[in-house]
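Take a look at the structure set out below.
Atom set for the values below is all heavy atoms of this structure, side chains included, hydrogens, waters and symmetry mates excluded. So that the names make sense, note that chain A is the first sequence line, chain B the second, and so on, each numbered from 1.
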Amino acid sequence: MRTNTVETVCEDCGLVIDEQKIDHGPEWRSFATDEETLNRTGAPLTVARHDRGLSTKIGRRTDSNGNELSGQKRQRLARMRREQTRGRFQSKAERNLAHGLGEVRRIASVLELSDSVRDQACQLFRSAQSEDLLRGRSIEAIAAASVYGVCRCNGHSRLLDDVVDAARVEQSRVTNAYKTLNTELGLPAQPVRPSEFIPRLASELEVPVYIRQRARRLAEQSESTGVASGVKPSGFAAACLYKAGREEGRWLTQAEVAEAASVTSTTIRSHRDTLNELAV
DNA sequence: ACGATTATTGCGTTCTT
DNA sequence: AAGAAAACAATAATCGT
């Protein structure tokens, strides 16, 4: 990890993990002689909008002091607004960018992602466009793939299905877009860890907290020893929950946890055995 | 419901062309 | 180098208790 003033970069893979982490804040400066009248010179910059948040909006109905406008002035303002909107996008690429970032923002908001993650997704979309990955693919697909990719890189427990539900694109298109994003941009997508599934499964099964914690410990332990590699993460997580429940009494059946993780009870048994070998 | 056994699938490796 | 094929591990299905 290397952090300079602008961005945080993983040195192994070169991924920009967090860009513009520093909030420069509004530029408070006073040009007046007395320091009490501070004026801000603009909104904070953001990566989440195509113009980095610098666009100007022309309001309706009232002037800057809140007074009603006369009909003639309203007409003039309406014309100004129209022409400004027309001139906002200089190129087709910029229109695409605005559209894509809008979609990214929408999906991120549906999934209730943090602002930091959302901005990373926006940044990823920008990279995708500058690497010319958009041609032949829909903007929506790339946007969804960007969100999913960032979730994967951050170890968030958002599944592809969740993102696809939030996006209005077929799953196959998102998968395709994500694959190209992954190969062309070399995303450091971490494997999905079983422990990420514990909370989701536990709440679905309405499992007491202490069992959930026990299951989580089991999962994390197994992850560190590497026995959980190469298996379906949700299945392994389900097995952890099953074993935790059994240790604390008899709360869960194999069929139940299997159902919740959409695997079969055979998978639960097989993982349970590997867990037992580990604990002794 | 659980366990043991057999069947299938998916995937990286290796052999061919 | 691209594709076919034999091989292996994970998961699913089935049957027995």
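- Evaluated for a side chain to side chain contact (heavy atoms under 4.5 Å, CB included) with A/Phe236, the options A/Thr267, A/Leu218, A/Leu275, A/Ile268 yield exactly one hit, A/Leu275.
- Using modelled atom types, one side-chain atom of A/Gln129 and one backbone atom of A/Ala93 make a donor-acceptor pair closer than 3.5 Å.
- Only at 4.0 angstrom or more do the heavy atoms of residues 219-228 of chain A sit from any atom of DNA chain C, so none qualifies.
- Residues from residues 264-272 of chain A lying near DNA chain C, meaning a heavy-atom separation below 4.0 Å, are A/Thr264, A/Thr266, A/Thr267, A/His271 in numerical order.
- None of A/Arg105, A/His99, A/Arg106 except one satisfies the side-chain hydrogen bond (donor to acceptor under 3.5 Å, both in side chains) rule with A/Glu103; the exception is A/Arg106.
- In this structure a side-chain-to-backbone donor-acceptor pair under 3.5 Å is present from A/Glu223 to A/Ser195.
- Rounded to the nearest 0.5 angstrom, A/Leu241 CG and A/Glu256 CD are separated by 11.0 Å.
- A distance-only check finds no donor-acceptor pair linking the side chain of A/Ser270 to the backbone of A/Thr266 [under 3.5 Å].
- Heavy-atom contacts from other residues, nucleotides or ligands closer than 6.0 Å to CD of A/Gln190 number more than 12.
- A salt bridge does not link A/Arg200 with A/Glu204: none of the charged nitrogens is closer than 4.0 Å to a carboxylate oxygen.
- Counting only distance, with no hydrogens or angles, the side chain of A/Arg152 and the backbone of A/Pro191 share no donor-acceptor pair below 3.5 Å.
- If you check every strand for non-hydrogen atoms under 4.0 Å, A/Gly235 touches nothing.
- In summary, contact between chain A and DNA chain C, defined as any nucleotide atom under 4.0 Å from a heavy atom of the protein, begins and ends at C/dA10 to C/dA13 in the 5' to 3' direction.
- With values rounded to the nearest 0.5 angstrom, A/Asp119 atom CG is found 10.0 Å from A/Leu101 atom CG.
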